[in-house]
K.L.:
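Here's a structure for you.
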Amino acid sequence: MSIKNIAVVGTGHAATSTARSLRRRGFDGSITLIGDDPHEPYQRPPLSKEYLAGDADGSSIALFTPKMLAQNDIAVRSGVRVDKLDVAGRTLELSAGGSFTADAVVLATGGRPRTLPDFPPGAPGVHYLRSFDDAARLRDRLRAGNRLAIIGGGFIGLELAATARDLGLAVTVVEAGTRVLEPRLGSRLAEFCADLHREAGVDLRCGEGVSSVERTVDGMRLHLAGGTAVDVDDVVVAVGMVQNTGLASAAGLQVDNGIVVDACGRTASPGVFAVGDVASRYSESAGRHVRVEHVDNANRQGAVVARALLGEEEPDDSPPWFWSDQYEFNIQFTGDHRGADELVIRGTIADSEFSAFYLCEGRLAAAFAVDRGEDVVFAREMLGASFDKAMLADQDIDLWELSERSGALA
Ligand SMILES: Cc1cc2nc3c(=O)[nH]c(=O)nc-3n(C[C@H](O)[C@H](O)[C@H](O)COP(=O)(O)OP(=O)(O)OC[C@H]3O[C@@H](n4cnc5c(N)ncnc54)[C@H](O)[C@@H]3O)c2cc1C
């Protein structure tokens with residue numbers, strides 16, 4: 001069947017990438033994005049960084065300018081939730097009333113913050129951070145001198161800690177693991193990140209949890225499992241996200257750590273796709289389904305789904321890549337460090353300007369860099385290649401030249 005009318009559920013990075021790619025590839029039918037967020041599509045990463053710091057506003061983080069929307073003839077229905085999907089007829093029931101039928105449906109429903117029972121969303125002083133409205137509410141509370149606790153020392157929690165310290169707040173991070181970011185980076189680089197925050201004055205409480213919360217006259221007292229307590233004005237819970245799969249599972253689609261799709265984003269139901277944070281996609285190189293929560297993945301897989309909608313089979317199995325900004329540092333990462341048996345440092349950790357290559361039996365498995373994004377670009381191309389450790393660490397040797405010498409490019 002030729003597709004003339006495509007509905008995309010969601011207005012985030014994956015939805016907008018799908019729409020843009022469809023137009024770039026010459027699709028001339030209608031494209032409608034339907035999202036429950038009341039705002040026009042916006043970028044999420046600045047919500048814990050520039051926007052929160054007051055260095056960006058709503059318009060500077062928009063994903064589409066009005067001109068782009070008009071030129072590309074993309075319809076966006078913001079503030080409208082899709083309550084039900086009938087996969088056989090590809091019909092969406094809308095919270096605004098009525099329904100919408102399309103030739104193909106793309107589910108780009110992303111996720112929502114994982115909540116903790118001690119911190120009910122909407123309670124005074126309690127914050128979660130996923131949407132523009134969450135960030136706007138939090139931004140109002142980031143005043144110098146205020147006391148902020150962040151539950152969860154993952155990337156979002158630590159970006160937030162950095163932003164809040166820069167704004168002059170007293171910040172405590174409560175992390176259940178022995179080190180912040182350890183599952184993401186391994187112990188040595190996790191320690192480097194922890195030091196950045198300690199040096200900036202963040203009170204890091206690792207191996208800790210909140211056992212109870214007491215309301216005080218001027219805020220909250222968090223009683224920690226180790227027996228200490230922290231008095232704060234506000235708490236942000238940043239303990240990960242839960243995928244928005246309700247629509248898909250109610251429609252009978254397979255859900256297993258995300259909506260299960262093939263390498264091109266197709267569900268088992270003809271004409272129904274899923275993409276972005278919510279999709280569990282088959283990866284040929286991993287030999288299993290993977291789900292990735294980064295912008296680069298949302299953008300790339302949006303393009304893959306657009307091609308599949310146009311009948312082109314072009315999976316993109318690029319390794320994961322993401323960035324994070326904390327204080328004045330730009331951090332980038334690619335690959336998967338689990339299973340790595342060696343870490344080669346290029347540069348000096350003490351100078352906070354270095355890259356680190358994770359090797360597994362001499363082969364490049366992952367890379368991390370501080371203010372050296374170009375080394376991560378290199379590593380992303382070279383994952384799986386074998387390198388001589390000493391040469392990899394030698395800053396006088398150009399990495400691309402090294403890859404030629406090692407035969408990695410062959
Ligand atoms: C604060 C923050 C900082 C981040 N920083 C970085 C970073 O530095 N680098 C990086 O790579 N990644 C970062 N990320 C992750 C990145 O933002 C996500 O990977 C990306 O937004 C995923 O895009 P998506 O379109 O799949 O999902 P989302 O952006 O979650 O969009 C999904 C949309 O669908 C809507 N929706 C859900 N169900 C329905 C329904 N039934 N009807 C209508 N609409 C619905 C949701 O409300 C949402 O608006 C960050 C995330 C956050 C929250």
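Every number for a ligand or one of its atoms is a count from 1 in the order of the listing.
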K.L.:
What protein heavy atom sits nearest atom 2 (C) of ligand 1, and how far off is it?
P.N.:
I156 CD1, 3.5 Å
K.L.:
Can you check whether D37 has an N/O within less than 3.5 Å of an N/O in ligand 1?
P.N.:
no
K.L.:
Is R139 positioned over the aromatic face of Y51, cation under 6.0 angstrom from the ring centre and no more than 45 degrees off axis?
P.N.:
yes
K.L.:
Specify the protein heavy atom at minimum distance from atom 12 (N) of ligand 1: its residue, its atom name, and the distance to 0.1 Å.
P.N.:
V295 N, 3.6 Å
K.L.:
Provide, to 0.1 Å, the distance between atom 49 (O) of ligand 1 and the closest protein heavy atom, together with that atom's residue and name.
P.N.:
R44 NH2, 3.3 Å
K.L.:
Restricting to non-hydrogen atoms, name the atom on A366 and the atom on L383 that form the minimum distance, rounded to 0.1 Å.
P.N.:
N-CD2, 3.7 Å
K.L.:
Charged N to carboxylate O under 4.0 angstrom, R380 versus D296?
P.N.:
yes
K.L.:
Considering only protein heavy atoms, which is closest to atom 4 (C) of ligand 1, and at what distance to one decimal place?
P.N.:
P45 CA, 3.6 Å
K.L.:
Inspect the contact between D277 and R130 and indicate whether a charged nitrogen and a carboxylate oxygen are less than 4.0 angstrom apart.
P.N.:
yes
K.L.:
By number and element, which atoms of ligand 1 are closer than 4.0 Å to a non-hydrogen atom of A108?
P.N.:
32 (C), 33 (C), 34 (O)
K.L.:
Can you find a non-hydrogen atom of Q43 under 4.0 Å from ligand 1?
P.N.:
no
K.L.:
What atoms in ligand 1 come closer than 4.0 Å to a heavy atom of V80?
P.N.:
43 (C)
K.L.:
Provide the number and element of each atom of ligand 1 under 4.0 Å from a heavy atom of V9.
P.N.:
40 (C), 42 (N), 43 (C)
K.L.:
Under a 4.0 Å N-O cut-off, is there an ion pair linking R307 with E313?
P.N.:
no
K.L.:
Would you say ligand 1 has an N or O under 3.5 Å from any N or O of V82?
P.N.:
yes
K.L.:
Tell me whether R81 has any N or O atom under 3.5 angstrom from an N or O of ligand 1.
P.N.:
no
K.L.:
I would like to know whether D37 and S131 meet side-chain hydrogen bond (donor to acceptor under 3.5 Å, both in side chains); could you show each step before the answer?
P.N.:
CA-CA 8 Å; D37 195 291; S131 68; 4.9 Å; no
K.L.:
Less than 4.0 Å between a side-chain N and a carboxylate O, is that true for D262 and R266?
P.N.:
yes
K.L.:
Among protein heavy atoms, which lies nearest atom 15 (C) of ligand 1, and at what distance?
P.N.:
E293 O, 3.8 Å
K.L.:
At their closest point, which heavy atom of C193 faces which heavy atom of F368, and how far apart are they?
P.N.:
SG-CZ, 4.2 Å
K.L.:
Would K49 count as being in polar contact with ligand 1, using the rule that some N or O on each side must be under 3.5 angstrom apart?
P.N.:
yes
K.L.:
Evaluate H13 for polar contact with ligand 1, using N/O atom pairs at a separation under 3.5 Å.
P.N.:
yes
K.L.:
Before signing off on this row, confirm whether S48 and ligand 1 have an N or O atom pair separated by under 3.5 Å.
P.N.:
no
K.L.:
Is any N or O atom of A14, backbone or side chain, closer than 3.5 Å to an N or O atom of ligand 1?
P.N.:
yes
K.L.:
Could you tell me whether D234 and R141 have a side-chain N and a carboxylate O separated by less than 4.0 Å?
P.N.:
yes
K.L.:
Would you please determine whether N297 falls within less than 4.0 Å of ligand 1 on a heavy-atom basis?
P.N.:
no
K.L.:
Please list the nearest protein heavy atom to atom 36 (N) of ligand 1 with its residue and the distance rounded to 0.1 Å.
P.N.:
D36 OD1, 3.5 Å
K.L.:
Would you say W321 and ligand 1 have an N/O pair spaced under 3.5 Å apart?
P.N.:
no
K.L.:
For ligand 1, which is the ligand I care about here, please tell me if V278 has any N or O atom under 3.5 Å from one of the ligand's N or O atoms.
P.N.:
no
K.L.:
Number the atoms of ligand 1 from 1 as they appear, then name those within less than 4.0 Å of a heavy atom of G35, with their elements.
P.N.:
43 (C), 44 (N)
K.L.:
Relative to the heavy atoms of I34, which atoms of ligand 1 are at a distance of less than 4.0 Å?
P.N.:
43 (C), 44 (N)
K.L.:
Based purely on interatomic distance, does N244 place a nitrogen or oxygen under 3.5 Å from a nitrogen or oxygen of ligand 1?
P.N.:
no
K.L.:
Can you tell me how far CZ of R338 sits from CZ of R184, rounded to the nearest 0.5 angstrom?
P.N.:
9.5 Å
